[in-house]
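What follows is a single structure, written as structure tokens, with notes after it.
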Amino acid sequence: MVIEPNSPSDLDGWADGEGVDLTKGKAVVFKRVSRDWKTREGTEIETTWTLGESLEVTNWAPKDQE
């Protein structure tokens, strides 16, 4: 038997599924990165993150093993 997980359709659904409390109107989410502040190192979708800055990921492809 294969069990398919339900994907949330909105932020509230995601928060509920992950056990995140949004009653204060915000939540802090952490991103795991390497010691060089990178994710997916050595791939076409390698991303370098900078502390305190926002980042627009133009090559984000969640359906391609992201």
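Along the sequence shown, residues are numbered consecutively beginning with 1.
Here the closest heavy-atom approach between residue Glu46 and residue Glu41 is recorded as OE1-CA, 3.3 Å. In this structure, Thr48 and Asp36 approach most closely via the heavy-atom pair CG2-O, 4.5 Å. When all heavy atoms are compared, the tightest approach of Pro8 to Gly13 is CB-C, 3.4 Å.
With rounding to the nearest 0.5 angstrom, the CG atom of Leu55 is 10.0 Å from the NZ atom of Lys31.
Both Val33 and Leu51 are part of a single hydrophobic cluster, where members link through side-chain heavy atoms under 4.5 Å apart.
Between Thr23 and Asp21, the side chains place a donor N or O and an acceptor N or O closer than 3.5 Å (distance only, hydrogens not considered).
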